[in-house]
Amino acid sequence: MLSRVADALYWMARNIERSESHSRIMHVHLTQMLEAGNKDIFQEEDYHILFEVCATAEELKQLESDGKTRVEDLISYLTYGEENSNSALNCVRIARDNARVTRDYIPNDLFEAWNQFYLSANPLPDRAYSIHTMRDFFNETKQASYMAQGIIEAAMSRDVAYYMLKIGKWLERAEKTARILNVVSEQTRTREKEYEASDYYYWSSALRMVNGYEAYLKSNPPKMDPTKILSFLITNQDFPRSIRYCMDHVREAVDALENAKVAHYSVELYEAMDALRREFNQMKIQDLDTNETINFLNTFQDKCNQIGQIFSKTYYLTEPVSSSTFSQHQEQSLPPEMRRKTAMKYKIEHTNIFEYETVVDQSMNSIRLKPRSDECQRLLSYRTDITPMSLTKEHTDIWGNNVETFFIAEHHQHLEIKSTSVVSIQRSPFIQQIDYSPEMKDIFHSDLFQEHYAGYLANTAYTYLTVKQMERVDGAIGLMTNPVQYAIEVMRYVYDTFSYDPDATDVTTTASDSFELRGGVCQDMAHVMLGILRAKQIPARYVSGYLYVGEDSALVGDAASHAWVEVMIPGIGWVGLDPTNNVEALENHIRMCVGRDYNDVSPVQGVYRGGASSIDVKVAVSLLSGE
């Protein structure tokens with residue numbers, strides 16, 4: 001499985017779990033507030049607990065400094081706040097976006113159920129929020145989460161996708177339980193010193209926040225003893241929200257992924273899980289005083305978080321913490337004015353008009369105008385209109401492209417082929433975030449890797465560069481030691497040394513010719529980049545498609561179809577690089593076909609019987625929505 005797919009599955013599960021836990025926690029506090037009425041039992045400490053568990057104390061201070069101190073303001077921020085990266089609605093949205101790009105790996109019922117919930121829960125801009133509507137949202141979120149979990153258990157094969165979902169769920173649950181216990185212990189220490197007694201109220205709240213109140217009372221006396229509650233929520237092997245239970249299930253899922261074998265890349269992960277398990281076995285909560293308990297919980301929470309980070313590193317997942325470059329999960333939670341759209345929907349109209357000097361009595365044609373569908377791009381609709389009217393027959397070529405063929409037997413002097421597509425694009429991971437690890441290096445230099453991508457390693461007549469031309473490239477870029485960084489350097493080199501000149505070349509120009517001309521169009525720059533990468537035994541393929549250019553953009557290449565390069569990164573998958581614009585191919589690049597060079601992806605190919613012809617190509621790309 002590509003790491004970007006595993007990443008999306010992992011974060012979908014974590015955000016489903018997070019939306020449900022945050023909704024339940026806020027519902028518990030709202031209920032306690034209403035039960036308290038005008039009494040002083042619901043004090044400032046309650047809001048600190050709420051924010052430290054579901055957001056941060058700094059965010060609460062900022063709201064207070066902005067004068068937003070009403071209950072509706074605080075709860076609304078935690079529930080719907082777009083600027084709050086962990087608001088319940090943001091978690092629902094992120095889970096839905098990740099579900100959308102992994103629809104080929106999850107049950108369709110799961111996506112439809114969560115998508116329907118997202119559409120019904122998404123608030124209107126002018127909607128008046130109230131405690132009542134928020135409580136309804138909390139209940140609906142919990143029910144949607146339970147439904148999602150049920151579909152996963154009932155309809156998914158126990159494969160890699162399933163275990164990625166389970167690990168995400170159990171890690172999120174373990175970290176949240178540890179966080180709740182940590183925050184409650186910190187907040188109750190002062191009150192317990194003041195009253196010289198245990199604070200039953202907050203420990204009861206802790207049980208309710210993890211949905212463990214009833215389960216605790218069934219196995220313990222109806223007394224809120226902090227040591228018994230801590231023991232129940234940390235070491236109990238039967239309660240599904242205890243940290244021990246969650247981490248045991250994480251271990252089981254990792255064993256299933258690795259066939260219970262420790263590989264060189266998973267040693268750190270297994271060591272961290274084993275160390276935590278030893279602490280479970282040696283732990284005696286009843287022997288710790290309040291300060292020792294708090295210190296233990298701080299360390300314990302850090303270790304739970306550390307296991308999540310090690311897991312992400314082991315499987316090349318995006319860990320959205322302390323990064324100067326936003327991941328897709330963080331960026332979706334930014335305010336609208338700061339957020340770059342990560343999911344875009346486009347409509348593409350591509351028209352080819354052929355005019356013949358003489359009457360053509362028959363023609364056979366093949367067209368490659370249907371956009372691809374995969375984990376980062378989904379084709380929502382497609383149609384082809386041909387004049388004179390003709391039926392098409394579709395097949396998939398050796399490179400995985402959609403090809404339509406049609407035959408026109410009647411006499412004609414005009415042929416028009418119009419395709420209309422609607423696609424949704426999800427931004428893929430940034431190549432700048434990819435760390436070229438020793439494991440990736442081993443894969444890159446393996447015989448299996450080279451044999452599997454042999455079709456994208458050999459240069460063609462279009463992409464071949466001479467030895468002297470490659471020497472000039474080596475003099476400018478240097479030797480290749482890291483294929484990830486080298487691919488970025490090659491993109492920058494082509495962009496810096498070539499000028500975009502539509503009049504310098506034509507469709508038959510080779511990379512060797514355009515290299516000397518130092519000019520051309522996107523096709524030429526892609527061919528040159530392919531020639532350099534393949535000379536260094538880096539698998540790379542030609543991509544044809546479209547480029548959406550909005551207002552005030554410096555991007556070029558949207559007049560007709562566009563071309564760029566995709567590089568195979570071991571363990572990550574194909575990553576797009578656009579040498580014409582010196583950018584990574586993200587949400588503005590719409591992929592249609594891939595191949596070794598332009599000849600494999602030509603939009604229209606055919607033979608006919610008649611005189612010479614001329615062609616007029618029109619392409620219109622319009623943005624339908626951005627999410």
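- With a 4.5 Å cut-off on side-chain heavy atoms, Q523 and T580 do not count as touching.
- Remark: R541 qualifies as a cation-pi partner of W574 under the 6.0 Å distance and 45° angle criteria applied to the six-membered ring.
- Crowding of D447 atom CG: a count of heavy atoms from other residues, nucleotides or ligands under 6.0 Å not exceeding 12.
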Test side-chain contact (heavy atoms from CB on, under 4.5 Å) applied to K166 and H249, step by step: CA-CA 8 Å; K166 302 306 289 183; H249 279 68; over 6 Å; no

side-chain contact (heavy atoms from CB on, under 4.5 Å) between I572 and M440, intermediate numbers included: CA-CA 9 Å; I572 302 297; M440 295 170 70; 4.1 Å; yes

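- Ion pair R534/D597 not flagged as a salt bridge, since none of the NZ, NE, NH1 or NH2 atoms sits closer than 4.0 Å to an Asp/Glu carboxylate oxygen.
- Between Q485 and E489, the side chains place a donor N or O and an acceptor N or O closer than 3.5 Å (distance only, hydrogens not considered).
- Between E17 and K169 there is no salt bridge, since no side-chain nitrogen of the basic residue lies less than 4.0 Å from a carboxylate oxygen of the acidic one.
- The existence of a salt bridge linking E175 and R14 is confirmed by a sub-4.0 Å separation between a basic side-chain nitrogen and an acidic carboxylate oxygen.
- Residues Y546 and H350 place their aromatic rings such that the two centres sit under 6.0 Å apart.
- Interatomic distance, CG of L165 versus CD1 of I16, reported as 7.5 Å (0.5 Å rounding).
- With salt bridges taken as basic N to acidic carboxylate O contacts below 4.0 Å, none links K345 and E587.
- Between Y270 and E258, some side-chain heavy-atom pair lies under the 4.5 Å cut-off.
- Annotation: side chain of M491 is not in contact with side chain of V583 (no heavy-atom distance under 4.5 Å).
- With sequence neighbours excluded, no residue satisfies salt bridge (Lys or Arg N to Asp or Glu O under 4.0 Å) with E112.
- Here NZ of K347 is found 13.0 Å from CD1 of I590. Values are rounded to the nearest 0.5 Å.
- Counted within 6.0 Å of CD on Q116, heavy atoms from surrounding residues, nucleotides or ligands total 12 or fewer; the atom is thus considered open.
- Other residues, nucleotides and ligands contribute more than 12 heavy atoms inside 6.0 Å of the OH atom of Y163.
- In this model, no donor atom of one side chain and acceptor atom of the other lie less than 3.5 Å apart for R492 and N582.
- Here the rule is side-chain contact (heavy atoms from CB on, under 4.5 Å) with L9, and of V101, N98, I106 only I106 fits it.
- No donor-acceptor contact under 3.5 angstrom links the side chains of Q537 and Y453, judged on distance only.
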Verdict with reasoning, Y486 to T481, per side-chain contact (heavy atoms from CB on, under 4.5 Å): CA-CA 7 Å; Y486 187 80; T481 57; over 6 Å; no

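- Side-chain contact, R18 with N15: no donor N or O sits under 3.5 Å from an acceptor N or O.
- No side-chain heavy atom of K370 sits less than 4.5 Å from a side-chain heavy atom of M592.
- Taking the side chain as every heavy atom from C-beta outward, R100 and W114 never approach each other to under 4.5 Å.
- By the 4.5 Å heavy-atom criterion applied to side chains, L369 and Y382 are counted as neighbours.
- Donor-acceptor pairing under 3.5 Å is lacking for the side chains of D302 and N305.
- Between I367 and V403, every side-chain heavy-atom pair lies at or beyond the 4.5 Å cut-off.
- Listed here is the closest heavy atom pair of V528 and A511: CG2-O, 3.7 Å.
- Between the side chains of R368 and N402, no donor N or O sits under 3.5 Å from an acceptor N or O.
- Annotation: I398, atom CD1; neighbour count of heavy atoms from other residues, nucleotides and ligands within 6.0 Å does not exceed 12.
- Taking the charged nitrogens against the carboxylate oxygens, D97 and R93 have no contact shorter than 4.0 Å, which rules out a salt bridge.
- Separation of atoms OG1 (T420) and CD1 (I348) is listed at 9.5 Å; rounding is to 0.5 Å.
- For Y462 and H527, the gap between ring centers is short of 6.0 Å.
- In this structure a side-chain-to-backbone donor-acceptor pair under 3.5 Å is present from T177 to R173.
- Donor-acceptor pairing under 3.5 Å is recorded for the side chains of H22 and K176.
- Inter-residue side-chain proximity for V543 and V565 is flagged as unmet; no heavy-atom pair is nearer than 4.5 Å.
- Other residues, nucleotides and ligands place more than 12 heavy atoms under 6.0 Å from the CE atom of M470.
- Here Y542 and W399 keep their ring centres 6.0 angstrom or further from each other.
- More than 12 heavy atoms of other residues, nucleotides or ligands sit less than 6.0 Å from atom NE2 of H445.
- Residues satisfying the side-chain hydrogen bond (donor to acceptor under 3.5 Å, both in side chains) test with Q377, not counting sequence neighbours, are none.
- A donor and an acceptor atom, one from each side chain of T509 and D524, are nowhere located under 3.5 Å apart.
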Stepwise side-chain contact (heavy atoms from CB on, under 4.5 Å) test for S544 and S561: CA-CA 7 Å; S544 70; S561 58; 5.7 Å; no

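- Between K536 and D474 there is a salt bridge, since a side-chain N of the basic residue sits under 4.0 Å from a carboxylate O of the acidic one.
- How far OH of Y456 is from CE of M568: 9.0 Å, rounded to the nearest 0.5 Å.
- Taking the six-membered ring for Trp and thresholds of 30 and 60 degrees, Y493 and F515 have ring planes inclined between 30 and 60 degrees apart.
- Here E268 contributes atom CD and Q309 contributes atom CD; the two are 10.5 Å apart, rounded to the nearest 0.5 Å.
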